[in-house]
Amino acid sequence: MSYEHLLFEMRDGVAKVTLNRPDRLNSFNDAMHAELRDAIGRIRGEASARAMLLTGAGRGFCAGQDLADRAVAPGGAAVDLGASIDRNYKPLVLALRALPMPVVCAVNGVAAGAGANIALACDIVIAAKSASFIQAFCKIGLVPDSGGTFFLPRLVGTARAMGLALTGDKLTAEQAAAWGLIWKCVDDAELMPGAEALAAQLASGPTRGLAAIKEALQRSGANGLEAQLDLERDVQRALGYGDDYREGVAAFVEKRPPKFTGR
Ligand code: T3D
């Protein structure tokens, strides 16, 4: 599987995708979007894939939209940004959220604009100490997209979401972790070993159960307590008939490590 703007690797149940336009801080053009869509489709269709790991090549994670494709000469025709979101950013965020396995994002450097919010759309975000998050949209007269106005207030509250979105100030990885925007911040040298170990751990877990946890937590925002309790009951019922639950309980009783198959 080879792409022009991505590195793609499948090993031991982990599908690792690296955004690979380092000279442009891995900003998105249409071609990279198409390749990422294709890669996520492959991961979804590949039975052996049980976790995804997303990261960036070089010194940045992703600087959002490639603005070289948006430079509008005076008097030139404007680009329909809504069409771009419908074609690229919205499907990408929804695909990451719907992938029936955990998605780990290793933020290796600056994550700006849509790049920041695509990271937040992943299930577990680990960032290197030198990384940062920038809601750059306000600096070019746009609103946070790719789920920014959805994820930010839910993760850090309205006051901090407003501050980040209205100023476009850089948030360090350490501050992002302290605010609960991301799972954790680690020393630069520990980022990839740590993220790879976490992805491997998740890939050997009870995949159906992990996918159900992801979906249940996503749905909790729209549900009241009773509806969420009902959802938990229904999901638990389905998982209780699965091989992995049987194996998990047997391993506990037999005092041995479980061998989950993801079924
Ligand atoms: O358009 C639509 O379809 C709608 C959807 C929009 C989604 C969006 O993401 S809009 C927001 C777009 N992104 C930005 O506004 C961020 C722009 N970049 C920056 O503000 C800065 O580059 C950073 C703060 C991210 C990093 O700053 P710094 O000083 O570390 O690096 P740099 O020198 O600015 O960038 C390094 C190179 O990457 C540089 O190229 P050069 O001079 O070495 O040839 C720079 O032009 C390039 N680069 C960085 N970001 C982008 C980019 N090139 C194109 N598009 C970018 N977004």
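In listed order, ligands and their atoms are each counted from 1. Heavy atoms only: backbone and side chains are in, while hydrogens, waters and symmetry mates are out. These numbers were taken from a predicted model, which means no experiment stands behind them.
R50 contributes a side-chain N or O that, together with a main-chain N or O of G205, makes up a donor-acceptor pair within less than 3.5 Å. The closest donor-acceptor contact from the side chain of Q135 to the backbone of G148 lies at 3.5 Å or more, if one exists at all. With E247 contributing its side chain and F260 its backbone, the two residues share no donor-acceptor pair below 3.5 Å. A donor-acceptor pair under 3.5 Å is absent between the side-chain atoms of N108 and the main chain of R59, judged by distance alone. Without hydrogens or angle criteria, K16 side chain to R11 main chain gives no donor-acceptor distance under 3.5 Å. Using a distance-only test at 3.5 Å, with no hydrogens or angles considered, a donor-acceptor pair links the side chain of E35 to the main chain of E4.
Counting only heavy atoms, the protein gets under 4.0 Å from atom 31 (O) of ligand 1. Distance check for atom 19 (C) of ligand 1: every protein heavy atom is found at 4.0 Å or beyond. Protein non-hydrogen atoms do reach within 4.0 Å of atom 57 (N) of ligand 1. For atom 49 (C) of ligand 1, a protein non-hydrogen atom is found at a distance below 4.0 Å. When distances from atom 38 (O) of ligand 1 to the protein are checked, a heavy atom turns up under 4.0 Å. Shown here, atom 41 (P) of ligand 1 is out of close reach of the protein: none of its heavy atoms lies under 4.0 Å off. For atom 34 (O) of ligand 1, the nearest protein heavy atom lies 4.0 Å or farther away.
Close approach to Y89 involves these atoms of ligand 1, each under 4.0 Å from a residue heavy atom: 3 (O), 5 (C). Remark: ligand 1 atoms within the under-4.0 Å shell around heavy atoms of A136 are 14 (C), 15 (O), 16 (C). Against a heavy-atom cut-off of under 4.0 Å, D66 is close to the following atoms of ligand 1: 54 (C), 55 (N). Near D23, with a cut-off below 4.0 Å to any heavy atom, the atoms of ligand 1 are 37 (C), 38 (O). Which parts of ligand 1 touch R59 is read off a 4.0 Å heavy-atom cut-off, strictly below it: atoms 28 (P), 30 (O), 31 (O), 32 (P), 33 (O), 35 (O), 36 (C). Counting the atoms of ligand 1 from 1 in the order shown, those under 4.0 Å from a heavy atom of L81 are 1 (O), 2 (C). For ligand 1, the atoms sitting less than 4.0 Å from at least one non-hydrogen atom of G64 are 9 (O), numbered in the order shown with element in parentheses. Atoms of ligand 1 lying under 4.0 Å from at least one heavy atom of I134, given by number and element, are 24 (C).
Between D145 and ligand 1, no N or O atom pair is found at a separation short of 3.5 Å. Of the polar atoms of L142, none of the N or O atoms is found under 3.5 Å from an N or O of ligand 1, judged by distance alone. Residue Q65 has at least one N or O atom closer than 3.5 Å to an N or O atom of ligand 1.
In this structure, D30 and R87 have side chains that are in contact, with non-hydrogen atoms separated by less than 4.5 Å. Counting heavy atoms from C-beta outward, I43 and M101 have side chains that approach closer than 4.5 Å. Looking at R21 and N26, their side chains come closer than 4.5 Å, going by heavy atoms from C-beta outward. Using a 4.5 Å cut-off on side-chain heavy atoms (C-beta onward), T149 and P144 make contact. Side-chain contact between V104 and V14 is absent, with no heavy atoms from C-beta onward closer than 4.5 Å.
With R24, R21, K170 as candidates, the residue nearest to atom 52 (C) of ligand 1 on a non-hydrogen basis is R24.
Between K129 and D187 there is a salt bridge, with a side-chain nitrogen of the basic residue lying less than 4.0 Å from a carboxylate oxygen of the acidic one. Ion pairing between R208 and D243 fails under the 4.0 Å rule for side-chain N and carboxylate O.
Of all the heavy atoms of R70, the ones lying under 4.0 Å from any atom of ligand 1 belong exclusively to the side chain. At a heavy-atom distance under 4.0 Å, only side-chain atoms of A112, from C-beta outward, approach ligand 1. Of all the heavy atoms of A114, the ones lying under 4.0 Å from any atom of ligand 1 are found in both the backbone and the side chain. When heavy-atom distances to ligand 1 are checked against a 4.0 Å cut-off, F137 comes that close only through its side chain, counted from C-beta outward.
Scanning the protein heavy atoms around atom 55 (N) of ligand 1, the nearest turns out to be L67 N, 2.8 Å. Remark: minimum distance from atom 21 (C) of ligand 1 to any protein heavy atom is reached at L25 CD1, 4.7 Å. The closest protein non-hydrogen atom to atom 3 (O) of ligand 1 is S84 OG, 2.4 Å. Closest to atom 16 (C) of ligand 1 among all protein heavy atoms lies A63 O, 3.7 Å.
Checking N117 against D145 by side-chain atom types alone, no donor-acceptor pair falls below 3.5 Å.
Atom CG of D188 is surrounded by more than 12 heavy atoms from other residues, nucleotides or ligands within 6.0 Å.
In terms of heavy atoms, V125 sits closest to A119 at CG2-O, 3.2 Å.
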